[in-house]
Structure formats: C-alpha cells, structure tokens
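Okay, structure first, notes after.
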Amino acid sequence: MHSLDGLGWSPFFEQQLTEDDRARFAPARVVWEAREHYRLSTGEAEWEGRLAGRLRHRAASRGDLPAVGDWVVAALRPAERTATIQRRLDRRSAFMRGAAGRSTDEQVVAANVDTVLLVTSCNRDFNVRRMERYLALTWESGASPIIVLNKADLSAEPEAWRTEMSIVSQGVPIVMVSALRGDGMTELAALIRASGTTALLGSSGVGKSTLTNALAGEERQGVLPIRDADDRGQHRTTARQLFCLEGGGVLIDTPGMRELQLLDADAGLGQAFADVESLAVDCRFRDCAHTSEPGCAVLRAVETGSLAAERLESFRRLLREEEFLRARHDGSARAERSRKAKQIAKAVELHDKLRRR
Ligand SMILES: Nc1nc2c(ncn2[C@@H]2O[C@H](COP(=O)(O)OP(=O)(O)OP(=O)(O)O)[C@@H](O)[C@H]2O)c(=O)[nH]1
Ligand SMILES: [Mg+2]
Ligand SMILES: [Zn+2]
C-alpha cells in the first residue's frame, strides 16, 4: 500500500503528475493552513509548507491558492522538514463560500471532499432555513451531504427534530447522534470509514470537534462549552484541519461559520430545492419566477398546501441573493483581471527598457 492511500490519494490525482513532478517533487496533501502557512502530509511525515512565489502571483483569486484538503506537488527538504509548494493539483470538489467581510471574494472551506457532514444540534442552533443554504453549497461543491443532528441526549423526543428537518432534507440522509453519550456513533463511524474524505461543517458549538475526537478515538481537538443564554458556541476551533482516522477515512474539522454567503450556487440551489424545481416543470412560462404569473404550478402547490409557503419564500430569497452576489463577484473579477493585465504590461515594458540599455 502506498503511504498516500490512507490520505485519500487516487488515480484522479496520480494522472495529473508529470514526468518532471515525479523526478523532482513529491505529492502531498494540505492538512492545515493559516494565512498562507501550510502543513503538508506525505503519509509518513508532515512538512512546514510555503508557497513558491510565482504561485501566489499567478493566482487570480484567493480560491486558486491551496486550501485544506488540496493535493499539491512540493519540493521537500528532509533535513528541515520544510517544503515549497510548486503547484496545486486540480480539485475533484471544493466547498466554497463568499468570504466573510470581503463579500466578493471566494473562500475554499475544504477541497477534495467526498462527503460533507452538515452538523446541527437539538437545541436553539437548529434552523431549517440555514440548512437549506448549507445544502445548496454542498451540492454545488460536488460532495454529497449528510445531515447530522447532534446532542440527541438533550431532547426527550429526538425524532421530532428529524421530522422537522425532513421537510428541507429532500432525501438527504439524516443521522441522529450524541457525540457525548455515544448514541449513533458506531453507525456514523462506519459511514465515514467508507466515505473517503469527510468534512464537518456547521455553526460554532454544535459539536464538530467533539465528533472529531469521538471518531478519532482520542482528544485531537479542543472543545468549549456553549453559552447558556442562546446555545451559541464560542468559536473554539480557529483553523481547518485534516485528520487520518485509524480504521480508514479522512476527516476535516472546521471552525464554526458565522456567515455563509451563496457564491455561484445556482445548480446547488436547484438540487437543494428539488421539490420546487420539479413542480416548476408544469409552470406555463419557462422563465416563471413563481411570484404572480398565471398558470404557475408552484403557487398552485402552495395554495393546495402541498408545498410550504416558507419553503418557496426561502427559495426565492436565496435565488435573489445568489444572483446579486454573482453579479458583484463577476464585476470585481473583471476589475482584478484588468489590474493584473496592467501589471504584466508594466513588467514587460520595464523588461524591454532594461534590454534596450
Ligand atoms: N449535551 C451534549 N453536548 C455536546 C455534545 N457534543 C458536543 N457537546 C458539547 O458542546 C460544546 C461545543 O462542542 P465543540 O465540539 O467545541 O463544538 P464545535 O462545533 O467544534 O465548535 P467550534 O469549534 O466553535 O466551531 C462542548 O461543551 C461539548 O461538550 C452532545 O452530543 N451532547
Ligand atoms: Mg470545534
Ligand atoms: Zn411558476
């Protein structure tokens, strides 16, 4: 067995290696990242990683740079346990969101993820509208979602939470667990062993790191109590981190997200709202916005009670948001491209000037 296999290496990545890569560099996976400081794993060892300068200059956006879960080729210096990242390999999937603060920039939360565990808990964190957002972004990422309802021990009727969630889950599996008491954890562990790379996503305090520790069978991540006043977490985890599990499977623990902006989530929204989309097939107009159009099958379904009005409202709100952010993102991407083009033109001019001397 190859030392990279336990990390999730596969033919998809292998085929991207050139002769030159094989001769001079080694493939490695990003297991930790903070402000362009990286930790890489080659299976048998970990390395402090830095970006080769030209990689940063060529990146059109932050999303192009390596993120946790990415595969890279790197020049290894065994004496120092350091590595220079030469190139990022193409991704199989990437969970992206609009970056907090700079709302037109994109942020890769986790790359090359097969399964996303969307974690919430049986308390005041529970919010089906937020779950719709997570589901749309997960479908868009190329990974498959699983909804995890943690802290089942806090509820006298855990099944009631599942029933409520099933309105928005659209067939996505819902797993009920208690990371603290152990309920459902054997099933979840089996699921993860068979799921390649799994990322844990959800608000602060829902128990992502507690789940990580339970699945790893040892304390790898710190945890903090939630606030009594509103069940919110205290943002204990501050960096994304990848772990290999003993019995197989790879886990990525992430910090709780405050904002979750929809960036390029058009197809993901369609999948997250498959119920609305399948009704829309029968609307009289192909471009029906389901607001007041005659012959709208979606509005008819709301009238007859077969589609919840809040669900349609939520779909329309998310669509509007997605369109707005996409337009803004396209605008700033254009500006960035022209800025880069000017930079390059200037460099060429300078180069010519120096040559003519
Ligand atoms: N009752 C109960 N508490 C739990 C369970 N799982 C986690 N907790 C508690 O919830 C609190 C928050 O857990 P964390 O694992 O730190 O949550 P997190 O999602 O990693 O939070 P961030 O790192 O801030 O994003 C801790 O006090 C845990 O002990 C559970 O199944 N039941
Ligand atoms: Mg945590
Ligand atoms: Zn319609």
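For ligands, and for the atoms within them, numbers begin at 1 and follow the listed sequence.
Of the protein's heavy atoms, K151 NZ, 3.9 Å lies nearest to atom 9 (C) of ligand 1. Scanning the protein for heavy atoms near atom 23 (O) of ligand 1, the closest one is T237 OG1, 2.7 Å. Of the protein's heavy atoms, L224 O, 3.1 Å lies nearest to atom 12 (C) of ligand 1. The nearest heavy-atom contact from the protein to atom 1 (N) of ligand 1 is D153 OD2, 2.9 Å. Of the protein's non-hydrogen atoms, T210 OG1, 3.4 Å is the one closest to atom 13 (O) of ligand 1. When hydrogens are left out, the protein atom nearest atom 27 (O) of ligand 1 is P225 CA, 3.2 Å; that is the closest non-hydrogen contact.
For ligand 1, the polar-atom distance check against G207 finds a nitrogen or oxygen pair separated by under 3.5 Å. Annotation: A152 places no N or O atom under 3.5 Å from an N or O atom of ligand 1; distance criterion only. Between R236 and ligand 1, a contact under 3.5 Å exists for at least one N or O pair. Some N or O of G205 is nearer than 3.5 Å to an N or O of ligand 1, by distance alone.
Every atom of ligand 1 with a heavy atom of A179 under 4.0 Å away is listed here by number and element: 6 (N), 31 (O). The H235 neighbourhood of ligand 1 comprises atoms 24 (O), with distances under 4.0 Å to a heavy atom of that residue. Of all the atoms in ligand 1, the ones that sit under 4.0 Å from a non-hydrogen atom of S178 are 31 (O). For ligand 1, the atoms sitting less than 4.0 Å from at least one non-hydrogen atom of S204 are 21 (O), 22 (P), 24 (O), 25 (O), numbered in the order shown with element in parentheses. When each atom of ligand 1 is checked for a heavy atom of L154 under 4.0 Å away, the hits are 1 (N). Each of the following atoms of ligand 1 lies closer than 4.0 Å to a heavy atom of G256: 25 (O).
Residue contacts to the Mg ion (ligand 2): S209 brings an N, O or S atom closer than 2.8 Å. In summary, no N, O or S atom of T212 is located under 2.8 Å from the Mg ion (ligand 2).
Counting only protein N, O or S atoms closer than 2.8 Å to the Zn ion (ligand 3) gives 4.
In this pair, F126 and W161 present their aromatic rings perpendicular. The plane angle is above 60°, beyond the 30 to 60° band.
No salt bridge links R58 with D64; every basic N to acidic carboxylate O contact stays at or beyond 4.0 Å. Using a 4.0 Å cut-off between charged nitrogen and carboxylate oxygen, E132 and R311 count as a salt-bridge pair. Using a 4.0 Å cut-off between charged nitrogen and carboxylate oxygen, R162 and E159 count as a salt-bridge pair.
Judged by distance alone, with hydrogens and angles left aside, the side-chain atoms of N150 form a donor-acceptor pair with the main-chain N or O of V206 at under 3.5 Å.
To the nearest 0.5 Å, atom CD1 of residue I174 and atom CD of residue E164 are 10.5 Å apart. Here the CZ-CZ distance, from F315 to R320, works out to 11.5 Å after rounding to the nearest 0.5 Å.
Both the backbone and the side chain of L180 come within contact range of ligand 1, each with a heavy atom under 4.0 Å.
Residues R97 and Q261 form no side-chain contact, since every pair of their non-hydrogen atoms from C-beta on lies 4.5 Å or further apart.
V177 and V116 sit in two unconnected hydrophobic clusters of ILVMFWY residues. Membership requires side-chain heavy atoms under 4.5 Å apart, directly or through other members.
Residues meeting the salt bridge (Lys or Arg N to Asp or Glu O under 4.0 Å) test with R236, sequence neighbours left out: none.
Heavy atoms of G233 come nearer than 4.0 angstrom to ligand 1 in no pair at all.
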